[in-house]
Q: 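First the structure, which I've put down as structure tokens, then a few questions once you've had a look.
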Amino acid sequence: QVQLVESGGGLVQAGGSLRLSCAASGRTISSYDMGWFRQAPGKEREFVSGINRSGGRTYYADSVKDRFTISKDNAKNMMYLQMNSQKSEDTAVYYCAACQQTFYSINYHRPSEYEYWGQGTQVTVSS
């Protein structure tokens, strides 16, 4: 199985940028389709972005499309989320997750489809 650790969170002003990283160990991330989720206080965990195991196909929530970019480096066993033009509503704990099944066979927006999770990293956007 794979272990995931997020980093790169912090405090940023509205309109600024942050880059989150997800470091994997135990197994190569080329074996998984992966995603980024976020959870704000009092809200359910929501899908932000996903990427298939080869890195050739990406998916975004409407709320982050054209602002966030997901990528992965299978050789380094890393996944990233570049967040630009940030808004106060982006404030949340961000989690990376890995799914053994392909996105074609699941509802990739649903957290329950992912077997492996990191511990999360806090992102706070000040307005």
Q: Let me check something: do Val64 and Tyr80 share a hydrophobic cluster, defined by ILVMFWY side-chain heavy atoms less than 4.5 Å apart, either directly or through other members?
A: no
Q: Among Tyr59, Tyr32, Phe47, find the residue that satisfies the ring-ring contact (aromatic ring centres under 6.0 Å, His included) test when tested with Phe103.
A: Tyr59
Q: Taking the side chain as everything from C-beta on, heavy atoms only, tell me whether Gln122 gets closer than 4.5 Å to Thr124.
A: yes
Q: Would you compute the distance between atom NZ of Lys72 and atom CD1 of Ile29 and round it to the nearest 0.5 angstrom?
A: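 Spacing of NZ (Lys72) from CD1 (Ile29) equals 4.5 Å.
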Q: Let me check something: do Trp36 and Val2 share a hydrophobic cluster, defined by ILVMFWY side-chain heavy atoms less than 4.5 Å apart, either directly or through other members?
A: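 Linked within one cluster.
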Q: Can you tell whether the side chains of Lys65 and Asp62 come within less than 4.0 Å, N to carboxylate O?
A: yes
Q: Are Phe37 and Pro111 packed together at the side-chain level, in the sense that at least one heavy-atom pair is separated by less than 4.5 angstrom?
A: yes
Q: Is the charged tip of Arg45 near the ring of Tyr95: under 6.0 Å from the six-membered ring centre and within 45° of its axis?
A: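 Judged by the rule (NZ or CZ under 6.0 Å from the ring centre, within 45° of its axis), Arg45 counts as positioned above Tyr95.
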Q: So does Asp33 pair up with Arg57, basic N to acidic O under 4.0 Å?
A: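 Salt bridge absent between Asp33 and Arg57.
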Q: Going through the checks in order, is the side-chain contact (heavy atoms from CB on, under 4.5 Å) test met by Met83 and Leu20?
A: CA-CA 8 Å; Met83 305 185 293; Leu20 303 183; 3.7 Å; yes
Q: Could you please spell out the steps behind the side-chain contact (heavy atoms from CB on, under 4.5 Å) verdict for Val125 and Lys87?
A: CA-CA 6 Å; Val125 183; Lys87 306 175 180 179; 5.6 Å; no
Q: Does any part of the side chain of Ser63, heavy atoms only, come nearer than 4.5 Å to the side chain of Arg38, both counted from C-beta?
A: yes
Q: Could you state the interatomic distance from CG (Asn74) to OG1 (Thr28), rounded to the nearest 0.5 Å?
A: 5.5 Å
Q: Is a side-chain N or O of Glu115 found less than 3.5 angstrom from the main chain of Gln100, in a donor-acceptor match?
A: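 Answer holds: yes.
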Q: Please say yes or no: joined through hydrophobic side-chain contacts below 4.5 Å, possibly via intermediate residues, are Ile51 and Tyr114 part of one cluster?
A: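 Per the 4.5 Å side-chain linkage, Ile51 and Tyr114 are not co-clustered.
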Q: Compare every heavy atom of Ala24 with every heavy atom of Leu4, then report the nearest pair and how far apart it is.
A: CD2-CB, 3.8 Å
Q: Taking atom CD of Gln119 as the centre, report whether more than 12 heavy atoms of other residues, nucleotides or ligands fall under 6.0 Å from it.
A: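 Yes, the 6.0 Å shell around CD holds more than 12 heavy atoms from other groups.
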Q: Within this structure, what is the CG-SG distance for the pair Asn77 and Cys22, rounded to the nearest 0.5 Å?
A: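 Nearest 0.5 Å value for the CG-SG distance: 9.0 Å.
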Q: Taking side chain as C-beta onward, heavy atoms only, is Met78 less than 4.5 Å from Ser21?
A: yes
Q: How far apart are the closest heavy atoms of Ser127 and Ser88, and which atoms are they?
A: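 Minimum heavy-atom contact is CB-CB, 4.4 Å.
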Q: Glu6 versus Tyr94: any side-chain heavy-atom pair under 4.5 Å?
A: no
Q: Looking at OG of Ser17 and CD of Gln86, how far apart are the two atoms once the value is rounded to the nearest 0.5 Å?
A: 6.5 Å
Q: Among the clusters formed by ILVMFWY side chains lying less than 4.5 Å apart, do Val48 and Val12 turn up in the same one?
A: yes
Q: If you group Ile, Leu, Val, Met, Phe, Trp and Tyr by side-chain heavy-atom gaps below 4.5 Å, do Leu18 and Val93 land in one group?
A: no
Q: Should we say atom CG of Asn107 is surrounded by more than 12 heavy atoms from elsewhere, each under 6.0 Å from it?
A: yes
Q: Can Tyr116 and Arg27 be counted as having a side-chain donor-acceptor contact under 3.5 angstrom?
A: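 Side chains of Tyr116 and Arg27: no pair found under 3.5 Å.
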Q: Kindly compute the distance separating OG (Ser49) from CZ (Arg67), expressed to the nearest 0.5 Å.
A: 12.0 Å
Q: Run Cys99 and Met34 through side-chain contact (heavy atoms from CB on, under 4.5 Å) and show every step you take.
A: CA-CA 6 Å; Cys99 176; Met34 299 185 69; over 6 Å; no
Q: How about CD on Gln13, more than 12 heavy atoms from neighbouring residues, nucleotides or ligands closer than 6.0 Å, or not?
A: no
